[in-house]
Amino acid sequence: MKYTELIPNVKWNCPSHNNRNVLVICHPQQIPFYLPKLKDFIWERFTNITIWQTNLEIADKNQLLKEVDQVDAVICFVTELLVLTSNVIGDDLIPIIIEKKYPFLPILDGRNLEQIFEQKYGHIHFVKYNENQTLKFDAIEKFIKGLPLHEKRKNQWFELSNRNMESFSQTYFISYRKVDGKYIDYLQHRIHKESSLVDTKLWYDAYLVPGENYDNNLLGIIEKCSAVILVITPHLLEPNNYVLRVEVPFAKECGKPIIGIMMEETDLKVIRDLYGVEKIYRIQKWDSFTDILFDAGIPVPEIDSYPRHLYRLATAYIDGNDVECNMQIACGLLYQAIQYKYHDAYTKLIEIKTGEYEKSVMNRYFQANHLKGIEDNSELNDDNGEMSERLYKKKDDNKPIIYKESYKDIVEAKRLFDEYIKILKERYEINPTESCFIPLLDCLRKYGEFYLNENMFKQALEPLLLFYKYVEPLEKQEPSKLYTYLSVASLLLAKTYDALEDYDIAEEYYKKSVDTDRMLNDGNSTYNSITYTNLLTSLCEFGDFCQKRGKLLRAKILYQEVLETIQNNGVFYGREWDDVTVYHGYEDETTVNRTEEATRFAIISLWEIETELLKVGKFRPTIKKYSRKLITSPKILKSCEEDDVELLSHEIMINSFDKIRWLIDFTSKSELEFDICQNRFCVDAKCLTAVMELDTSDVCQLVVHTVDIDQATKILKEIVKMLNE
């Protein structure tokens with residue numbers, strides 16, 4: 001399709017084959033203000049997004065609608081200029097988007113726009129934009145994550161919004177006036193703190209999907225719910241309000257029980273006359289909400305103890321998308337699930353107790369607020385190193401959705417790891433298949449990484465050595481995807497021994513990891529993002545180790561290999577835009593992030609190495625002692641009568657075929673002899689076959705066979721300048 005009314009904005013590393021296309025609309029004059037902020041935010045989190053915009057001047061309305069029909073979602077910044085002036089976007093495009101039920105996120109930017117927006121487009125759910133809040137960032141991230149996977153599912157967008165209601169045994173619809181939203185949190189926590197009501201979803205308008213017509217959706221929820229909870233305050237006495245006009249009458253029509261909960265002193269006689277509600281309770285006077293339900297004649301079902309159901313309930317309380325975020329309830333449900341040895345529950349509990357979940361939440365908070373990562377924010381830590389209680393994220397001015405309370409527990413994490421590993425080992429012994437082997441390896445890896453992150457290096461050795469013991473036999477088998485575990489185990493052990501200052505063993509494991517990843521990545525006919533990113537990681541880690549140990553040339557070779565690997569493995573994807581291929585990229589988001597990180601790390605490290613080499617002098621020849629038995633030159637033997645002959649040598653890099661070919665040509669033209677030494681091996685520098693037998697990815701020592709120091713120095717300077725740059 002030829003696009004004339006829409007223009008794509010693509011990041012350099014966005015792949016085309018699995019992109020999602022998000023159209024950003026606003027008044028054409030305001031595109032330069034809104035679009036740059038939104039692009040930066042989205043591309044920090046989603047690398048596979050193509051952001052589209054409209055032309056500043058729309059030439060063909062019908063063509064515009066055809067092009068918009070190809071996108072996956074629409075984000076709209078609603079301003080007074082958009083809704084109060086005549087323009088194609090506000091007058092023609094938005095009504096079509098709403099009518100066709102496209103995934104649509106309206107963001108209202110401006111005061112007193114709600115009523116104007118409602119009058120023009122109907123009861124469409126929206127979010128508010130405010131420069132001082134993070135609301136729009138949370139809403140945008142949640143919106144994009146919830147998009148249907150395929151274009152053909154566009155019309156299922158609004159049905160997907162309530163897909164998780166089935167996770168709960170019953171649902172209560174909370175009917176309230178917007179101004180009384182401050183009581184929702186209290187009700188949720190009061191009701192859900194009772195174990196008998198944990199399996200109850202409390203649904204209210206905050207769970208609406210932005211862009212949908214909430215009249216139809218609210219009525220659908222009321223029709224499915226077990227009962228309606230009516231929040232009673234004097235605001236219900238205001239005439240012609242939405243609760244009085246729509247929600248309560250429809251609930252009665254459906255035969256739903258209505259429970260009145262009085263939160264502020266109100267004229268109950270008028271409430272009963274207006275709403276026809278007989279059962280009204282002052283919640284503070286009741287010990288439990290369960291008693292209120294029994295008094296109202298509403299049955300409370302027992303919690304389904306099926307472990308998968310308990311796990312789904314727990315994840316709902318962790319995510320905070322379908323109920324309030326409550327980690328205490330979530331952990332309690334997960335502990336119930338692991339009584340049945342439910343594997344996913346173990347994994348999630350371990351994630352919480354190791355602090356992994358906590359850290360990911362806080363990092364998302366910092367990203368949304370354009371702050372540094374959690375590890376860099378020391379001002380947010382208390383004396384015990386735990387994150388401050390005062391830090392939390394808000395959904396709006398009155399509703400915190402993530403309270404900062406640390407559930408990290410090192411002792412409990414260790415207990416859970418040991419218990420879960422025992423279960424996985426028994427399972428693997430009974431059924432030694434790959435499907436049982438991989439979860440065991442993953443758990444051992446996470447156990448070791450947990451101790452590494454806590455700087456408990458001695459404790460990390462036990463699970464990591466066991467991890468390596470399981471994967472070491474893979475070396476004798478045909479290469480497979482399990483080989484990546486051998487690389488990971490080697491790298492983690494290398495980092496552990498490095499931290500324990502056992503550098504010789506650490507270097508062996510670093511080299512093992514790099515060699516394994518090279519073997520997996522080389523010769524692949526198809527692009528493999530896992531082996532590719534593993535190689536980048538192991539090269540960077542080994543390079544950092546060598547750099548810190550002062551082995552600068554070896555580190556330089558490793559960092560150069562990082563950049564060459566990135567160059568060689570970059571896969572080009574093109575989308576024709578006016579007959580031009582506009583971008584290239586990688587297969588998935590993880591690959592993109594790892595590539596960018598490795599590129600930055602290698603470039604900065606190479607600059608540091610060059611700076612250090614300049615300080616100490618790039619040309620640093622050393623004396624190498626040779627036994628007379630190895631010397632064939634009569635001149636040398638005649639000039640030196642000692643058993644050991646001192647010859648000048650220098651470290652060189654021959655990490656490419658061009659360098660090897662140049663060295664062979666250079667040395668062949670000289671009458672002198674040259675040796676290349678590496679570890680236990682020493683070969684003739686003029687013999688191509690012998691040189692190719694060396695490990696060209698490592699540093700070599702070039703020896704010039706002459707006792708004339710001036711001559712040797714001149715020759716070595718020329719060689720080093722050519723090979724070590």
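Computed from a prediction, not measured in an experiment: that's the story for all the values here.
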For [X], what residues pass the side chain to side chain contact (heavy atoms under 4.5 Å, CB included) criterion, not counting sequence neighbours?
{"X": "Tyr306", "result": "Asp304, Arg308, His309"}
{"X": "Pro301", "result": "Ser169, Gln170"}
{"X": "Ile604", "result": "Glu608"}
{"X": "Val246", "result": "Leu219, Tyr242"}

If you compare all heavy atoms of [X] against all heavy atoms of [Y], which two are closest, and at what distance to 0.1 Å?
{"X": "Trp52", "Y": "Asn21", "result": "NE1-OD1, 2.8 Å"}
{"X": "Gly181", "Y": "Tyr176", "result": "CA-CE1, 3.7 Å"}
{"X": "Leu6", "Y": "Val68", "result": "CD1-N, 4.0 Å"}
{"X": "Ile124", "Y": "Pro106", "result": "CG2-CG, 4.2 Å"}
{"X": "Asn62", "Y": "Asp60", "result": "N-OD1, 3.1 Å"}

Please indicate whether Gln119 has more than 12 foreign heavy atoms, meaning atoms of other residues, nucleotides or ligands, lying under 6.0 Å from its CD.
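Counting other residues, nucleotides and ligands, CD of Gln119 exceeds 12 neighbours.
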
Is it true that, when you exclude Glu80 itself, more than 12 heavy atoms of the residues, nucleotides or ligands shown sit nearer than 6.0 Å to its CD?
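12 or below, so no.
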
After noting the C-alpha distance and the side-chain angles of Cys26 and Asp109, does the key distance pass the side-chain contact (heavy atoms from CB on, under 4.5 Å) rule?
CA-CA 11 Å; Cys26 57; Asp109 184 8; over 6 Å; no

Among all residues two or more places apart in sequence or in another chain, which pass the ring-ring contact (aromatic ring centres under 6.0 Å, His included) test with Tyr183?
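For Tyr183, no residue satisfies ring-ring contact (aromatic ring centres under 6.0 Å, His included) once neighbours in sequence are set aside.
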
Tell me whether the guanidinium CZ or amine NZ of Lys201 lies under 6.0 angstrom from the six-membered ring centre of Tyr207 and within 45° of its axis.
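So Lys201 does make the cation-pi contact.
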
Stepwise side-chain contact (heavy atoms from CB on, under 4.5 Å) test for Thr347 and Asp442:
CA-CA 10 Å; Thr347 302; Asp442 285 334; over 6 Å; no

Salt bridge (Lys or Arg N to Asp or Glu O under 4.0 Å) contacts touching residues 231-250 (sequence neighbours left out)
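For residues 231-250, and leaving out neighbouring residues, the salt bridge (Lys or Arg N to Asp or Glu O under 4.0 Å) pairs sorted by first residue read Arg177-Glu238.
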
Distance-only polar pair, side chains of Thr537 and Glu597, donor-acceptor under 3.5 Å
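The answer is no; no qualifying pair exists.
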
Apply side chain to side chain donor-acceptor pair (under 3.5 Å) to the pair Thr233 and Asp180, showing each step before the final yes or no.
CA-CA 8 Å; Thr233 72; Asp180 296 325; 2.5 Å; yes

